[in-house]
Amino acid sequence: MISEKLQQAFNEQINKELFSEYLYLAMKNFFEELNLPGFVNWFDVQMQEERAHAMGLYSYLLQRGGKVTFEAIDKPVVTGTCPLSVFEQTLAHEEFVTSRINALTDTADEDRDRAAVSFLDWYIKEQVEEEDNVRKIIATLKLIGDDKKALLMLDKDLATRTFVAPVIG
Ligand code: FEO
């Protein structure tokens with residue numbers, strides 16, 4: 001049975017992942033307004049990934065006999081004002097999520113809950129991938145600068161991203 005403290009930490013992370021989904025919905029909407037369908041698609045896939053991350057934690061907590069509790073989800077605020085700054089905000093958010101996953105794993109470790117530590121390993125690896133994907137797009141956007149043609153080419157590229165339901169754990 002999972003400890004009360006670890007259960008609370010799992011519930012907090014479920015909330016963070018659902019907030020991530022909500023934030024990426026707001027970013028998707030930002031790109032709808034810019035009329036960049038490839039960027040819209042990228043954030044749509046990103047949203048679906050966040051929902052899958054939340055549901056992975058949800059299912060695991062239930063599987064361990066824990067109790068899922070829901071708190072309010074914060075209002076998503078897009079602070080970025082252009083494609084580059086929105087992706088910089090995305091990276092900062094993913095780095096924050098990484099720090100929360102690490103803290104959750106530390107709590108599981110303090111509990112000597114080997115099963116939870118092993119389960120969370122998937123999330124640690126996923127965060128490396130998430131941050132890397134976003135960093136690469138930031139690097140491309142920096143190269144693009146004010147070149148509208150190049151931005152439309154990146155938009156075409158981002159339109160090819162598809163959601164593949166992850167096998168978590
Ligand atoms: Fe669920 Fe993008 O981390």
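Here, residue 1 is the first one in the sequence, and each next residue gets the next number. Counting starts at 1 for both ligands and their atoms, following the listed order.
Residues forming a ring-ring contact (aromatic ring centres under 6.0 Å, His included) with Y58 (at least two apart in sequence, or on another chain): none. Considering only residues two or more places apart in sequence or on other chains, F43 meets the ring-ring contact (aromatic ring centres under 6.0 Å, His included) condition with Y24, F31, F87.
A donor-acceptor distance shorter than 3.5 angstrom exists from the side chain of N41 to the backbone of L158, with no hydrogens or angles considered. Y123 places a side-chain N or O within 3.5 Å of a backbone atom of H53 that can act as its donor or acceptor partner.
Cluster annotation: V78 and L18 are assigned to the same hydrophobic cluster (Ile/Leu/Val/Met/Phe/Trp/Tyr, side-chain heavy-atom contacts under 4.5 Å, transitive).
Counting only residues at least two apart or in different chains, side chain to side chain donor-acceptor pair (under 3.5 Å) contacts with residues 3-13 comprise S3-D111, K5-E110, Q8-E12, N11-T69, Q13-E17.
For atom 1 (Fe) of ligand 1, protein N/O/S neighbours under 2.8 Å (waters excluded) are E17 OE1, E50 OE1, H53 ND1.
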